Amino acid sequence: MKNIKDYDLENLKEELKQMGEKPFRAEQIFKWLYDEKVETFDDMTNLSLELREKLKSNYTICNFNILKKQESKDGTIKYLLDVLDGNAIETVLMRYHHGNSICVSSQIGCKMGCKFCASTGIKFIRNLTSGEIVEQILRVEQDTKERISNVVFMGIGEPLDNYENVVNAVHIINNPKGLNIGARHISISTSGLVPKIYQLAEENIQCTLSISLHATTNEKRNQMMPINNTYPIEELLQACKDYIAKTNRRISFEYALAKDNNDNLEDAKQLSKLLKGMLCHVNLIPINKIENGKYDKSSNENIMKFRDYLNEHGIVATIRRELGTDIDAACGQLRRKNLKGDIE
Ligand code: SAH
């Protein structure tokens with residue numbers, strides 16, 4: 001059966017029309033799902049009994065189960081969610097002074113194979129549907145009874161490798177009648193799927209694009225991120241420049257600093273040359289060492305020097321505050337858990 005949360009408002013109107021119903025019913029359903037956050041069709045009390053029965057026989061309302069919840073001393077919560085087919089994914093809630101942010105997963109597993117990331121080495125299983133992406137937000141809001149104001153696609157998976165579902169989920173999240181989270185508060189992070197960056201530039205969505213750059217030479221980036229063999233730095237940065245020209249939106253570059261790998265001032269110099277003149281911002285992340293990983297965290301002193309160099313050379317750079325490190329919920333630490341194996 002189809003998941004009702006997979007539909008954006010326009011498509012749901014279409015569906016209802018096909019069922020011989022008035023399109024405004026779709027708005028009522030959206031209100032029940034995303035405003036009232038009900039979990040059954042029976043709760044949608046302003047729909048006729050007949051329509052509720054019709055909906056029940058054609059659609060599911062996917063409500064994930066919370067398998068496990070870990071809370072960090074900084075307030076960050078990591079959820080292990082049962083996606084109802086025997087698999088589980090991780091989602092993280094981060095509490096900042098400017099509001100709550102959620103880090104959602106876009107796939108079960110990942111194909112990218114970045115050497116520093118904990119999601120690597122785990123078999124790719126499947127894409128998440130739009131409804132399953134949206135459900136992560138609903139579940140966490142319902143569990144905490146707190147509103148989420150920011151969404152980052154930085155959990156497990158490569159969002160642009162699940163392009164249609166991610167863009168459709170953004171529409172549902174952004175729609176004032178859906179979750180009503182402003183596009184400027186939604187970030188899509190990519191390891192650099194160049195053709196999809198061009199495609200995204202054509203969509204009329206104002207969300208933020210983050211690029212996981214992490215290195216300034218192809219030699220080094222090839223070692224860290226296999227995707228660079230397909231789309232090298234020059235092609236990636238050209239796509240970014242074209243994206244900025246087309247959308248007038250600032251791009252955010254992620255750069256995870258690993259000791260003696262990409263963290264010396266020569267790298268900073270190279271980075272400032274590459275990004276010179278671009279409408280962008282650099283997010284410096286102290287790399288999180290993963291189990292058996294070869295990359296170690298750079299020292300705080302080095303990270304600050306790196307930031308200062310960039311700022312002195314015309315590139316706006318900030319150091320990302322690390323949240324949830326004590327519960328393995330910080331950047332790059334999420335793993336797809338096997339429902340049967342890993343949760344005990
Ligand atoms: N596939 C997407 C989104 C998921 S990763 C992407 O590559 O952008 C989210 C961010 O965490 C990316 O910037 C990624 O490079 C970074 N990351 C992955 N592993 C990390 C680690 N061990 N330490 C710090 N950042 C990491």
Side-chain angles (χ1 to χ4, degrees), residues 78 89-92 94 101-122 124 127-128 133 136 150-163 165-166 169-170 186-194 196-197 200 207-216 220-221 223-228 230-231 233 236 239-240 251-259 261-263 271 280-298 303 306 317-325 327-336:
K78 182 169 75 170
I89 52 163
E90 289 183 321
T91 299
V92 180
M94 295 160 291
S101 247
I102 189 171
C103 178
V104 294
S105 292
S106 55
Q107 298 178 314
I108 307 181
C110 186
K111 299 182 210 156
M112 296 300 122
C114 300
K115 295 290 186 290
F116 46 84
C117 177
S119 305
T120 281
I122 305 164
F124 172 79
N127 284 329
L128 290 176
I133 294 169
Q136 296 171 56
N150 285 276
V151 179
V152 298
F153 283 83
M154 293 195 183
I156 300 162
E158 166 51 53
L160 297 190
D161 186 39
N162 182 15
Y163 187 89
N165 291 345
V166 165
V170 169
I186 304 172
S187 292
I188 297 180
S189 181
T190 180
S191 55
L193 267 56
V194 165
K196 300 292 177 190
I197 295 173
L200 193 65
C207 60
T208 301
L209 178 62
S210 291
I211 305 286
S212 300
L213 190 60
H214 304 320
T216 57
K220 200 166 284 175
R221 200 165 186 270
Q223 286 167 10
M224 299 174 79
M225 307 175 71
I227 187 73
N228 196 68
T230 313
Y231 304 115
I233 293 178
L236 176 58
C240 291
I251 286 186
S252 171
F253 287 98
E254 313 290 305
Y255 193 97
L257 290 141
K259 192 171 159 204
N261 173 57
N262 61 354
D263 68 338
L271 185 59
C280 71
H281 172 265
V282 174
N283 240 320
L284 298 171
I285 316 167
I287 210 163
N288 283 299
K289 191 178 170 72
I290 56 164
E291 223 177 282
N292 302 321
K294 69 169 184 172
Y295 298 107
D296 289 312
K297 195 172 269 189
S298 191
I303 298 173
F306 202 98
T318 49
I319 300 170
R320 174 172 305 156
R321 218 178 105 216
E322 286 284 87
L323 293 176
T325 40
I327 54 165
D328 284 348
C331 293
Q333 292 184 297
L334 299 191
R335 301 165 54 86
R336 177 192 65 83

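Remember, predicted model here, so these are calculated numbers, not experimental data. Just follow the structure's listing: the first ligand is 1, and inside any ligand the first atom is 1.
Side-chain atoms of Thr216 do not come within 3.5 Å of backbone N or O of Leu271 as any donor-acceptor pair. Of the possible polar contacts, none joining the Asn150 side chain to the Ile186 backbone as a donor-acceptor pair under 3.5 Å is found. Here the side chain of Asn127 pairs no donor or acceptor atom with the backbone of Asn162 at under 3.5 angstrom. With Ser105 contributing its side chain and Glu90 its backbone, the two residues share a donor-acceptor pair below 3.5 Å.
Remark: the Ser189 side chain and the Glu254 side chain contain no N/O donor-acceptor pair separated by less than 3.5 Å.
Remark: of the listed residues Leu200, Leu128, Ile188, Ile188 is the sole one forming a side chain to side chain contact (heavy atoms under 4.5 Å, CB included) with Val166.
For ligand 1, the protein residues within 4.0 angstrom (heavy atoms only) are Phe116, Cys117, Phe153, Met154, Gly155, Gly157, Glu158, Pro159, Ser189, Thr190, Ser191, Ser212, His214, Glu254, Ile285, Ile287, Asn288, Cys331, Gly332.
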